[in-house]
Student: 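Got a structure for you, questions after.
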Amino acid sequence: MLPDIAVVTSRERLGPWLERLGRDGALAVDTETSGLNAQIDLVGGLCLSAGRTCLYAARNALGPAVLWLADQVKQQRELIFHHAKFDLKMLETSFNLRVPYPVHDTKTISFLYNNLGFNGGHHLKDIAKALVDSRAADPQTTLLASIKEGGGKKGEVLWSEDLRLIGEYGALDAWWTLQAWPILLGKLSATAPIADGKATLLDLYENERWLVLALRDMELRGVRVNIDFLVQWREQLEKDIAKTERQLVKVAGKEILWTSSDQLSTLLYEHLGIPVTRWTKGGKKSGPKPSTDEVALTKINHPIGPLLLRWRDLSKQHSTYAIGLLESISPDGRIHATFNPDGARTGRLSCKDPNMQQIPRWSGARRAFIPDEELAFYFGDYSQVEMRFAAIESHDPTLIEGFRNNPLFDTHAATAMKMWGMQEIDPDGNKLHGRRRKFAKIMNFAMLFGAGEDKVTSQLVSLLTSKEAIASIREFGRKLDRKLIPHRQLAQLLMERYFTEFQAIKKARYAATREAKQNGYVTNLFGRRRYFDHNTEYKAFNTKIQGAAADQAKRGLVSLYRELQGEGRIALILQIHDEAVYLSDDDPSTHARVLEILNDTSSFEVPIVANLDIGKDSWQEKTRYVP
DNA sequence: CTTGCGCGCGCC
DNA sequence: AAAGGGCGCGCGCAAG
């Protein structure tokens with residue numbers, strides 16, 4: 001079925017078509033814009049669809065159509081978008097039209113239904129083609145067909161060059177969205193696992209709908225930037241880089257493009273004759289190459305090593321952060337990043353333009369971000385949240401007991417105590433014993449990430465000398481295995497001990513992998529699914545843990561948004577996986593409430609614990625805040 | 001000139 | 001059997 005469609009560019013012809021869109025029932029909305037940046041670009045066309053009607057309003061019809069839409073919003077009409085956050089931002093920046101209640105979003109549903117998407121993604125056209133009408137892939141043909149089928153008035157359509165424009169920009173997108181929505185929602189309901197009599201995927205969807213609003217407002221607000229600092233920092237870095245380059249040329253005897261790993265590899269391993277200690281994984285064409293990464297450079301026995309490490313660090317700060325952040329500043333002097341709820345297969349958020357989730361912690365870069373006048377940054381972060389979900393997922397008694405009985409539970413110390421059968425960690429300051437917590441920490445991360453013997457070995461290599469590794473092996477009362485390097489033998493022993501003591505985790509890991517192999521997907525504690533390609537099922541346990549932590553964090557973010565941002569007491573500005581950052585004044589009752597919201601003692605077998613920090617001057621310096 | 005890939009590296 | 005998980009960005013380099 002295809003709609004009655006009108007492309008209207010004059011105020012006069014708009015009325016009857018708006019009439020046909022009615023005043024109730026779902027209304028699909030799509031904006032056509034001059035670009036993707038809500039701080040710069042503008043809406044040039046509005047596509048609306050309801051019932052059997054699809055209307056594209058542009059030019060002189062755009063203003064009145066927006067006013068009509070604003071009235072529909074006032075009536076709280078149910079709105080459907082594909083990628084709602086983008087259109088909601090554009091409507092707000094172009095027309096000051098704000099939608100204060102959750103809308104529906106076919107992209108969100110598609111991602112929740114199957115993270116692999118339709119035809120490999122979540123593009124509207126692919127979804128519509130798969131679920132609605134195979135002709136959806138060809139907007140021009142479809143538009144022409146629809147005019148015939150729907151008896152559309154030729155006079156309402158701009159022919160000639162404008163039709164091409166309509167085809168290119170997809171005047172029918174709202175129509176496809178409207179058609180795909182009930183089908184996708186039906187599929188989501190049918191797919192939803194049931195817990196406590198409720199379909200969990202639909203609960204997740206409700207949270208994601210609010211999340212879209214929370215992220216929209218975060219992005220629109222943006223973060224204030226200290227431009228003077230960034231400019232000064234950039235200049236200082238440029239001086240330091242130039243100086244380091246002069247030293248490099250002296251030591252190397254020649255000049256190369258220091259950013260080029262290929263050129264550097266030739267210099268180090270051919271001209272300077274330094275032995276190769278590490279290889280890259282290699283691409284399809286080139287295969288493995290000698291590595292010049294940080295680990296390799298640390299190992300080389302030549303004065304060029306430390307200089308290169310210094311150059312790499314300075315250069316990273318300079319290009320990615322000093323320059324990169326300056327280039328990300330919007331005309332309002334702030335940075336408005338984009339947070340994607342469908343950016344990560346586990347359910348985590350991703351962030352781009354710039355990626356605020358990877359701003360360095362120690363280089364000083366965070367000094368570039370400063371709170372708005374009269375306000376301070378507050379950082380609500382979850383404590384060891386992935387380890388807590390590992391405990392919940394596996395029911396491991398040691399971890400469960402620890403987290404239940406002690407809010408400050410030191411997981412790595414407890415792991416070490418269990419692995420070595422100790423009553424307390426490092427009782428006599430013994431050097432060998434003191435290392436045990438580090439070993440345990442490596443094992444815990446190996447568990448969370450699904451690492452194998454190779455990775456544990458290489459972790460140990462960067463932690464210990466061979467002598468120290470041998471001492472640690474002796475501690476286990478084992479004979480040295482001549483066939484293995486000591487670090488590998490130690491890795492084997494640590495893994496053996498770890499999985500002997502944490503059998504529940506071993507079983508949970510195995511169960512997750514089996515679930516993925518049998519079903520092609522796994523489901524986390526919140527009902528979220530992730531599908532796997534063949535031979536990647538080993539990631540299943542990590543997906544459950546990381547995904548549960550992500551869904552918990554997003555639930556917390558939405559609660560903060562709905563209650564405290566709704567009351568105007570906070571303004572969320574960033575989310576960094578296990579941390580929500582907001583601006584607020586110093587009213588302690590606000591922050592006490594934040595902690596009440598984030599702390600979750602009732603949902604799971606172990607409590608989810610949150611802490612709060614404050615940063616008054618910038619993002620760089622923060623201190624613990626207790627309301 | 002743009003696009004895609006590999007490398008290396010920032011964060012959780 | 002073996003596999004560190006999840007991202008985005010700057011850069012060089014080769015291909016289109």
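So you know, we letter chains A, B, ... as the sequences are listed, proteins then strands, and number each from 1. Quick note: numbers below take in every heavy atom, side chains included, and nothing from hydrogens, waters or symmetry partners.
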Student: Taking CG from A/L574 and P from B/dG10, how many angstroms apart are they, rounded to a whole number?
Tutor: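 My rounded result for the distance is 20 Å.
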
Student: OP1 or OP2 of B/dC7 sitting under 4.0 Å from any side-chain N/O of A/T280?
Tutor: yes

Student: Can you check the distance between B/dC7 and C/dG4, where both ends of the measurement are the P atom (answer in whole Å)?
Tutor: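 Here B/dC7 and C/dG4 have their P atoms 15 Å from each other.
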
Student: OP1 or OP2 of C/dG10 versus the side-chain N and O atoms of A/T320: is any pair under 4.0 Å?
Tutor: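 Indeed not, no polar side-chain atom of A/T320 lies that close.
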
Student: Measure the distance from CG on A/D342 to P on C/dG8 and round it to the nearest whole Å.
Tutor: 10 Å

Student: Distance only, no hydrogens: is a donor on one side chain within 3.5 Å (strictly under) of an acceptor on the other, for A/Q546 and A/E386?
Tutor: no

Student: We want to know whether A/E468 and A/T465 form a side-chain donor-acceptor pair, criterion being a heavy-atom distance below 3.5 angstrom.
Tutor: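 Checked: A/E468/A/T465 side chains pair up, N/O donor to acceptor below 3.5 Å.
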
Student: According to a strict under-4.0 Å criterion, is A/R348 in side-chain N/O contact with OP1 or OP2 of C/dG5?
Tutor: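 False: A/R348 side-chain N/O out of range (4.0 Å or more) of C/dG5 OP1/OP2.
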
Student: Report, one pair per line, the protein and nucleotides 2-4 of chain C atoms (nitrogen or oxygen only) whose separation is under 3.5 Å.
Tutor:
from, atom 1, to, atom 2, distance (Å)
C/dA3, OP1, A/D454, OD2, 2.7
C/dG4, O6, A/Q459, NE2, 3.0
C/dG4, N2, A/A446, N, 3.4

Student: Tell me whether the OP1 or OP2 atom of C/dC11 has a side-chain N or O from A/R312 closer than 4.0 Å.
Tutor: no

Student: Counting heavy atoms from C-beta on, name the nucleotide in B/dC11, B/dG8, C/dG6 closest to the side chain of A/D293.
Tutor: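 It is B/dG8.
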
Student: For a quick check of understanding: with a heavy-atom distance under 4.0 Å over all strands, which category does A/S291 fall into, base, sugar-phosphate or nothing?
Tutor: sugar-phosphate

Student: Over 60° means perpendicular and under 30° means parallel, so tell me whether A/H591 and A/Y625 are parallel, tilted or perpendicular.
Tutor: perpendicular

Student: Salt-bridged, A/D481 to A/K483, with N to O below 4.0 Å?
Tutor: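 Counted as a salt bridge, because a side-chain N and a carboxylate O are separated by less than 4.0 Å.
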
Student: What is the distance, to the nearest angstrom, from the CZ atom on A/R310 to the P atom on B/dC9?
Tutor: 16 Å

Student: Round to the nearest Å and state the distance from A/I359 atom CD1 to C/dG10 atom C1'.
Tutor: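 In whole Å, C/dG10 C1' and A/I359 CD1 are 14 Å from each other.
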
Student: How many whole angstroms separate atom CZ of A/R278 from atom C1' of B/dC7?
Tutor: 12 Å

Student: Of the nucleotides C/dC9, B/dC12, B/dC7, which has the atom closest to the A/K289 side chain?
Tutor: B/dC7

Student: Applying a 4.0 Å non-hydrogen cut-off, can you work out what A/E386 is touching in the nucleic acid: base, sugar-phosphate, or nothing?
Tutor: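 No contact.
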
Student: Return the value, rounded to whole Å, for the distance between atom CG of A/N115 and atom C1' of C/dG6.
Tutor: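 Checked: the CG to C1' distance equals 13 Å.
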
Student: Considering every strand and a 4.0 Å limit on heavy-atom distances, what is the contact class for A/I545: base, sugar-phosphate, or nothing?
Tutor: nothing

Student: Could you label the plane-to-plane angle of the A/W619 and A/F379 rings as parallel, tilted or perpendicular, counting under 30° as parallel and over 60° as perpendicular?
Tutor: parallel

Student: What is the separation between atom CD1 on A/I241 and atom C1' on C/dG10, rounded to the nearest whole Å?
Tutor: 13 Å

Student: Are the charged groups of A/D551 and A/K554 less than 4.0 angstrom apart, N to O?
Tutor: yes

Student: Can you find a side-chain donor-acceptor pair between A/T411 and A/R388 that sits under 3.5 Å?
Tutor: no

Student: May I ask you to evaluate whether A/Q575 reaches the phosphate of B/dC12, defined as a side-chain N or O under 4.0 Å from OP1 or OP2?
Tutor: no

Student: Whole Å only: how far is the CD atom of A/Q357 from the P atom of C/dC7?
Tutor: 11 Å

Student: Is the phosphate of C/dC11 approached by A/S260 (side-chain N or O, under 4.0 Å from OP1 or OP2)?
Tutor: no

Student: Would you say C/dG5 has OP1 or OP2 under 4.0 Å from some side-chain N or O of A/T346?
Tutor: no

Student: Give a yes or no on whether a salt bridge exists between A/R488 and A/D454, defined as a side-chain N under 4.0 angstrom from a carboxylate O.
Tutor: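 Yes, this pair counts.
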
Student: Answer with base, sugar-phosphate or nothing: what part of the nucleic acid does A/I576 contact at a heavy-atom distance below 4.0 Å?
Tutor: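 Sugar-phosphate, backbone atoms only, no base.
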
